[in-house]
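Numbering starts at 1 and runs along the sequence shown. When a ligand or atom number is given, it counts from 1 through the structure's own listing order.
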Amino acid sequence: MGILVMKFGGTSVANVERIQHVAEKVAQAVKEGNRCVVVVSAMGKSTDELVALANEITSAPSPREMDMLLATGEQVTISLLTMALQSKGFAACSLTGWQAGIQTDAAHGKSLVKHVDTSTLREHLERDEVVVVAGFQGITDEGEITTLGRGGSDTTAVVLAAALGADRCEIYTDVTGVYTTDPRVVSKAQKLSEVSYEEMLELARLGAGVLHPRSVECALNHGIPLVVRSSFVDEPGTWVKEANQMELTLNVRGLAHDMDVACIRVSKLPNEKGTLAMIFQALAKENVNVDMIVQNEQNEQFFDLVFSVEEADSKQAVEVLEKLADELKYQSIRCETGLAKVSAVGVGMMKQPGVAAQMFQTLSEEGIQIKLVSTSEIKISCVVARELAYQAVQRLHTVFGLDVKEEQAVTS
Ligand code: ASP
Ligand code: MG
C-alpha cells in the first residue's frame, strides 16, 4: 500500500468546521487505499498571534523561547484533527515534530532538518493508523525544540515524504495552485497545470509565497512529485515535477516580485586585493543577508560596488561599511530604499535567446528605470522603484504571453 503525505496550511484548518472538512478529505484518501501521513500548520493566523504576544513582552525575545512558543500552535491542530478523524471511526494518532523523529540543527527560528527517524511513524502506519504530524517543528540532538522558519510546514511534509518513500506529497492551501504570478496583482494571472522543480524553487525564493523554498529543494533532491491544490474547492492543482517530463512551450513560466529591497552603492573603492572579501565577511558577521551583487571597474585603480539587501538590513549594512571606512578608503556610500525586485522565471529561456532583451525593452517602454540586474540560466531579476513594481509585473505578464485567454477567463 502506498504512502501519501498530505499537508494542510493555516487557512485550511482555521476553525472546527474547516478541521472537520480536512478530516473528510483524509478519510476519503484512506478509503481509496492510501496510508496517510497528514502534516498540519497552526490554525488560521495563530502563529502571528503568538508572535504578537511575545512582542508585547519584549522586542527581542530569545530565539529558544520563541521556538518554544511558536511550536505550540501546530500542537493544537494535530490533536483536534486526530479527534475529528477518530470520531469518524478512523484509527489515528497525533505526533509532535520530535515524536515523529524530525531532528534538526540548533539554528532556532530557521532550523534545517538533518535526519528523520521514521521508526515511530512506521509503527503507527503498520497499525493502519492515520498519523497526524505537527508541521514546522523539530528537535536538536540536545533535545531543544526548534522551528523551521515561517511557512516551514511545507518542508516538514516533503521531508517526511522523502524519508518514508511516499508516492507523492499533496500540499493543500487556500489557492487552487501555483499561478503565473500573484492574481492579486495581475487579474489575468492563470493557474499553471505544471511547473518544474527548478522553476518553482526560483519562484519560491523570489517571493512567490505559495511554497516554502526549502520544501521545493527537498522535493527536487529526492524526486518527490508535489501537487499544490485547494482544500476548499475540488479541482486539479499544479504539479511540481521534473522539467524533462514537461512540455517546454513557454520561455517564461511565471513572474515573481519581492517588495522588500534596498540597494547600497559604494563608490570609488581602491582596486586592492581582498577588498570584496573584507566587505562581505563583515556583512556576514553581522548577519546581513546580501542578495544581488554588482562590481563595476571604473579604471585600473578604482571600482564601484552595488549590492541589494532586505530593507530592514540596510541600516546595518551601512553601519558595517562606515565602520570600515578607514580601511576601505571608498569615496562615498549611498543607500537607496523603497525598491522591489521583479523576476521572470522559466526553464525555456535556457534555449531561447532574447528574453532579457524583451524584459529590458518592456520596462524601458514603461519608463521604469532598472537599478540592478541579476540572471541565472532560468531567471532574470530587475530591481526597480517599489511603486512601479506592480506596473512592471502587469506589463511583463502580457508581453511574455502569460495572460489568461479571454474565453478561458469567461468559463473559469
Ligand atoms: N505556522 C507556521 C507559520 O505560520 C508554519 C506554517 O504554517 O507553515 O509560519
Ligand atoms: Mg504556506
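Listed by atom number, the atoms of ligand 1 under 4.0 Å from Arg150 heavy atoms are 3 (C), 4 (O), 9 (O). Listed by number with element, the atoms of ligand 1 under 4.0 Å from a non-hydrogen atom of Gly151 are 3 (C), 5 (C), 6 (C), 8 (O), 9 (O).
Between the side chains of Asp403 and Thr398, at least one donor N or O lies within less than 3.5 Å of an accepting N or O.
Taking distance alone, with nitrogen or oxygen atoms compared against 3.5 Å, Phe136 stays at or beyond that limit from ligand 1. No N or O atom of Gly149 sits closer than 3.5 Å to an N or O atom of ligand 1.
Nearest protein heavy-atom contact of atom 7 (O) of ligand 1 is Ser41 OG, 2.9 Å. Protein heavy atom at the shortest distance from atom 6 (C) of ligand 1 is Ser153 OG, 3.3 Å.
Ligand 1 has at least one atom lying under 4.0 Å from a heavy atom of Glu74. A heavy-atom separation below 4.0 Å is not found between Gly73 and ligand 1. For Gly10, the heavy-atom gap to ligand 1 stays at 4.0 angstrom or more.
The side-chain heavy atoms of Phe303 and Leu276, taken from C-beta on, include a pair separated by under 4.5 Å. With a 4.5 Å cut-off on side-chain heavy atoms, Arg18 and Ser231 count as touching. The shortest distance between side-chain heavy atoms of His108 and Glu65 does not fall below 4.5 Å. Within the 4.5 Å cutoff, the side chain of Ile102 has no heavy atoms near those of the Gln137 side chain.
The distance from the CD atom of Gln361 to the CD atom of Glu366 is 11.0 Å, given to the nearest 0.5 Å.
Using cut-offs of 30° and 60° for the angle between ring planes, the Tyr390 and His257 rings count as perpendicular.
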